[in-house]
J.: 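Supplied in structure tokens, the structure appears directly below.
In what follows, every heavy atom counts, from backbone to side chain, and hydrogens, waters and symmetry copies are set aside.
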Amino acid sequence: MTRVDDELLTIGAFAARSRLSAKALRLYDRLGLLAPAHVDEVSGYRYYRADQIERARLVALLRQLDMPLARIAEVVGAAGAGDGCRAADRLAAYWADVEARLASQRTLAEYLRGRLSGRSSEMYGKFAVETVDVPERVVITEKRHTLADELPAWIGASLGRLEKASRECGGSTAAPYVVYHSEVSMESDGPAESCVPVADEAAARAWAARHGRAWETAVRVEPARRLAYTRITKAQVAHPQILAAFEAVEEWMAARRLKQTGPCREVYFADWETAGAQDPVCDVAFPVG
């Protein structure tokens with residue numbers, strides 16, 4: 001007698017036993033998540049083994065979590081190889097990403113509710129705006145087109161590279177900052193430019209010449225500027241909290257009829273790694289005239 005696990009089941013029989021539709025099984029095949037054990041070359045009929053039922057159900061459950069196809073393949077691949085711990089770890093990593101995204105979206109929704117309900121002034125009132133005059137500076141820079149989800153990692157990496165390079169350029173003379181030449185969001189990619197002020201212009205230009213286009217590096221002399229700025233905590237740097245800070249400075253400028261004379265920026269004056277969530281770490285600033 002043929003064992004059940006050795007039987008080839010028609011797609012209809014397999015669908016009934018796996019409690020999935022034939023349409024779903026055809027989709028999983030097309031997506032590369034669950035291929036039939038055999039496809040008849042003449043009729044094109046699909047046949048499955050009984051031991052594929054568990055994989056079919058797992059794929060269906062993971063799709064209910066809106067898991068991307070590539071990550072579903074990783075989880076079911078690990079489970080199929082008998083490595084349940086690795087499969088569970090992949091699922092846990094995915095769900096941690098989901099919860100982080102939902103937390104960010106929840107904060108954004110609250111921010112938008114405030115704007116739509118007319119509580120913008122209340123939100124902006126939490127930010128104290130001042131002005132400061134900064135002198136002419138030589139800066140070494142790294143520029144990149146980047147979307148919002150990649151921005152924090154790029155800022156950390158690029159400022160790290162530039163601060164290391166500043167040792168070859170006479171040392172850093174002021175806090176590093178990031179300039180936004182155009183909007184950075186999930187639809188707009190800037191560019192953004194990381195900047196570190198340095199002491200020795202000649203050494204800086206020699207450094208840039210040696211590095212060429214490796215990191216889109218450059219050297220320039222920033223003119224003296226007056227900045228309108230508000231100081232924010234590490235927690236407020238996160239998106240979308242930081243949007244309210246930018247808008248608060250813009251509203252302050254508009255109330256005083258000050259004209260923006262250059263791209264906005266974030267000035268990082270504290271050690272990010274050691275700072276606590278409520279510690280001041282950044283100035284959100286606009287050049288004004």
J.: Near E99 CD, under 6.0 Å, is it more than 12 heavy atoms from other residues, nucleotides or ligands?
T.: yes
J.: Is the ring pair F246/Y180 parallel, tilted or perpendicular, if the boundaries are 30 and 60 degrees?
T.: perpendicular
J.: I'd like to know if the side chain of R256 reaches the main chain of W252, judged simply by a donor and an acceptor atom lying under 3.5 Å from each other, with no hydrogens or angles considered.
T.: yes
J.: Between CG of L31 and CZ of R63, what distance do you get to the nearest 0.5 Å?
T.: 6.0 Å
J.: May I ask whether V132 and Y177 are part of the same hydrophobic cluster, defined by side-chain heavy atoms of I, L, V, M, F, W, Y residues being less than 4.5 angstrom apart, directly or through others?
T.: no
J.: Can any side-chain N or O of S21 pair as donor or acceptor with the backbone N or O of A24 at less than 3.5 Å?
T.: yes
J.: Side-chain contact, heavy-atom cut-off 4.5 Å: F14 with R49?
T.: no
J.: Examine distances only and state if a side-chain atom of R265 and a backbone atom of P263 form a donor-acceptor pair shorter than 3.5 Å.
T.: yes
J.: Working note: Q236 + F127, criterion side-chain contact (heavy atoms from CB on, under 4.5 Å); need CA distance, chi angles, decisive distance, verdict.
T.: CA-CA 11 Å; Q236 291 172 320; F127 299 96; 3.8 Å; yes
J.: Output yes when a side-chain donor or acceptor of T233 lies under 3.5 Å from a complementary backbone atom of P280, and no otherwise.
T.: no
J.: Using modelled atom types only, decide if a donor and an acceptor are shared between the side chain of D283 and the backbone of A285 within a distance under 3.5 Å.
T.: no
J.: Taking V129 as the starting point, is it possible to reach L227 by hopping between hydrophobic residues whose side chains are less than 4.5 Å apart?
T.: no
J.: Report the C-alpha distance between V219 and V138 in whole Å, list the side-chain angles of each, state the deciding distance to 0.1 Å, and finish with yes or no for side-chain contact (heavy atoms from CB on, under 4.5 Å).
T.: CA-CA 7 Å; V219 176; V138 176; 4.1 Å; yes
J.: For T217 and E142: C-alpha separation, side-chain torsions, deciding distance, then whether side-chain hydrogen bond (donor to acceptor under 3.5 Å, both in side chains) applies.
T.: CA-CA 5 Å; T217 56; E142 184 179 318; over 6 Å; no
J.: Donor-acceptor pairs under 3.5 Å, side chain of residues 150-160 to any protein atom, not counting sequence neighbours: which ones?
T.:
unit_1 : atom_1 : unit_2 : atom_2 : d
S158   : OG     : W154   : O      : 2.8
S158   : OG     : I155   : O      : 3.2
S158   : OG     : S194   : OG     : 2.7

J.: Side-chain contact test, heavy atoms from C-beta onward, threshold under 4.5 Å: evaluate it for R19 versus R57 and give yes or no.
T.: yes
J.: Would you call K234 and D279 a salt bridge, taking side-chain N to carboxylate O under 4.0 Å as the test?
T.: no
J.: Thinking salt bridges, do R90 and E74 make one under a 4.0 Å N-O criterion?
T.: yes
J.: At their closest point, which heavy atom of G190 faces which heavy atom of V184, and how far apart are they?
T.: CA-CG2, 3.7 Å
J.: If you look at every heavy atom in G262 and R225, which pair is closest and at what distance?
T.: CA-NH1, 4.2 Å
J.: Any salt bridge linking R71 with D97? Criterion: basic side-chain nitrogen under 4.0 Å from a carboxylate oxygen.
T.: yes
J.: For Y45, I'd like to know if atom OH has over 12 heavy atoms of other residues, nucleotides or ligands within 6.0 Å.
T.: no
J.: Test side-chain contact (heavy atoms from CB on, under 4.5 Å) on M253 and V288; report intermediate values, then the result.
T.: CA-CA 8 Å; M253 291 161 49; V288 295; 3.8 Å; yes
J.: Do V179 and I140 land in one hydrophobic cluster if side-chain heavy atoms of ILVMFWY residues count as linked below 4.5 Å?
T.: no
J.: Considering only NZ, NE, NH1 and NH2 on the basic side and carboxylate oxygens on the acidic side, decide whether E168 and R210 come within less than 4.0 Å.
T.: yes
J.: Ignoring hydrogens and angles, tell me if any N or O in the side chain of Y229 forms a donor-acceptor pair with the backbone of F286 under 3.5 Å.
T.: no
J.: Under 3.5 Å, is there a donor-acceptor pair between the side chain of S182 and the main chain of P191?
T.: no
J.: Side-chain heavy atoms under 4.5 angstrom apart, residues restricted to Ile, Leu, Val, Met, Phe, Trp, Tyr: same cluster for Y47 and V39?
T.: no
J.: Could you go through the salt bridge (charged side-chain N to carboxylate O under 4.0 Å, His left out) check for K143 and E216 one step at a time?
T.: CA-CA 6 Å; K143 186 183 292 186; E216 293 194 54; over 6 Å; no
J.: Take a 6.0 Å sphere around CZ of R226 and say whether it holds more than 12 heavy atoms from other residues, nucleotides or ligands.
T.: no
J.: Are D29 and R46 close enough, and set up right, to give a salt bridge (charged side-chain N to carboxylate O under 4.0 Å, His left out), and what steps lead you there?
T.: CA-CA 10 Å; D29 181 19; R46 295 172 168 87; 3.0 Å; yes
J.: Any salt bridge between R220 and E193, counting N to O under 4.0 Å?
T.: yes
J.: Is L25 reachable from I53 through a run of hydrophobic residues whose side-chain heavy atoms are each under 4.5 Å from the next?
T.: yes
J.: Quick one: does NZ or CZ of R55 land under 6.0 Å from the six-membered ring centre of Y28, within 45 degrees of the ring axis?
T.: no
J.: Spell out, as yes or no, whether a donor-acceptor pair under 3.5 Å connects the side chain of Q260 to the backbone of E250.
T.: no
J.: Within the structure provided, determine whether E136 and V221 are in side-chain contact (heavy-atom separation under 4.5 Å).
T.: yes
J.: Taking it one step at a time, do V237 and V281 satisfy side-chain contact (heavy atoms from CB on, under 4.5 Å)?
T.: CA-CA 8 Å; V237 170; V281 297; 3.8 Å; yes
J.: Quick one, V284 and I242 - any side-chain contact, counting heavy atoms below 4.5 Å?
T.: yes
